[in-house]
Protein chains: 2
Amino acid sequence: MLSARTADWSAAEANPLATRDREEEMALAERLTDAEIQAALATVPEWRLEEKTIGRRYRFGSFMDAVGFVNRVAEVAERRNHHPFISLDYKVVTLRLTSWHAGGLTQADFDEAAEFDRLYEGMRN
Amino acid sequence: MLSARTADWSAAEANPLATRDREEEMALAERLTDAEIQAALATVPEWRLEEKTIGRRYRFGSFMDAVGFVNRVAEVAERRNHHPFISLDYKVVTLRLTSWHAGGLTQADFDEAAEFDRLYEGMRN
């Protein structure tokens, strides 16, 4: 009885574990090297590297403009299923991006950063 | 000519300066004592004192629920003209309040904290 249970447990777990290993390998492969990060940073010059994240501050004319930006950022984040850390300090919004699953920065972080910058430019024009 | 200019400058500045002094005095008078802060904290037991601020984390079932809460917090902040520091980390919203003009915590911080708590309870029911 005990050994049967152990066998069931092993059978149930074996496949998910193997899947997780493959996912981890793919995620690690996505992580950018330092040289790739420097090249990607040049495409979003307002963003600053901090440890394994990139961040940028955006200033607005009013608190409600800043809130409006946060809402548009949230829409982008949901669509991409990639959620930045967001802070709102009166008229200043700070965004910070990293790819937790890859243990560092990926191209997805830089693509999303560029989209946030386009949103901001669109709101100012 | 120089003395006339000096006189004009003094006349123009005298009243605003006096007004500012009175405002500063009133603002400082609003600031709660340590004993008053402890009593006020008991009314919002989920909030934690940190230096001259109070803060609380709110957890949500989804990122968009958290964004919805931030929008309602923003409405309250605009109506009261008292803006908390807001951060949004996926499904967790952190709010932090202080009264800059008074150099510390005032009853307004605790009143607003209680309103945010009521909003949150309303969203969960």
Side-chain angles (χ1 to χ4, degrees), chain A residues 27 47-48 50-106 108-109 111-113 115-116 119-120 123, chain B residues 27 47-48 50-106 108-109 111-113 115-116 119-120 123:
Chain A
W47 289 71
R48 295 288 169 268
E50 196 174 300
E51 309 256 329
K52 292 180 173 184
T53 74
I54 49 171
R56 179 180 173 183
R57 288 186 179 193
Y58 300 87
R59 295 184 178 278
F60 295 87
S62 73
F63 174 68
M64 287 313 288
D65 282 351
V67 171
F69 181 67
V70 166
N71 277 289
R72 299 189 65 182
V73 162
E75 285 167 24
V76 170
E78 278 289 278
R79 173 165 41 78
R80 290 180 176 264
N81 194 27
H82 190 46
H83 301 82
F85 173 83
I86 302 170
S87 80
L88 176 52
D89 194 358
Y90 197 35
K91 300 177 185 179
V92 178
V93 174
T94 304
L95 302 182
R96 188 162 293 286
L97 282 161
T98 192
S99 295
W100 298 108
H101 69 286
L105 289 161
T106 64
D109 296 309
D111 292 346
E112 193 159 310
E115 185 164 356
F116 293 147
L119 265 184
Y120 181 63
M123 283 179 71
Chain B
W47 290 71
R48 294 287 169 268
E50 196 174 300
E51 309 255 328
K52 292 179 172 182
T53 74
I54 50 171
R56 179 181 172 182
R57 288 185 178 192
Y58 299 88
R59 295 183 179 277
F60 295 87
S62 73
F63 174 68
M64 288 312 290
D65 281 350
V67 171
F69 181 67
V70 166
N71 277 288
R72 299 189 65 180
V73 162
E75 285 168 23
V76 169
E78 279 289 278
R79 173 165 42 78
R80 291 181 176 262
N81 193 27
H82 190 46
H83 301 83
F85 173 83
I86 302 170
S87 80
L88 176 53
D89 194 358
Y90 198 35
K91 300 178 185 178
V92 177
V93 174
T94 304
L95 302 181
R96 187 161 294 286
L97 282 160
T98 192
S99 295
W100 299 107
H101 70 287
L105 289 161
T106 64
D109 296 309
D111 291 346
E112 193 158 309
E115 186 163 356
F116 293 147
L119 266 183
Y120 182 63
M123 284 179 70

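These values consider heavy atoms only, across backbone and side chains, with no hydrogens, waters or symmetry-generated copies. Below, chains carry the letters A, B, ... as their sequence lines are ordered, and counting in each starts from 1.
By the 6.0 Å contact criterion, CZ on B/Arg57 is open, its count of non-hydrogen atoms from other residues, nucleotides or ligands being 12 or less.
Scanning residues 64-78 of chain B against chain A with a 4.5 Å heavy-atom cutoff picks out B/Met64, B/Val67, B/Asn71, B/Ala74, B/Ala77, B/Glu78, ordered by number.
The aromatic rings of A/His83 and B/Phe63 sit perpendicular to each other, their planes meeting at more than 60°, with 30° as the lower class boundary.
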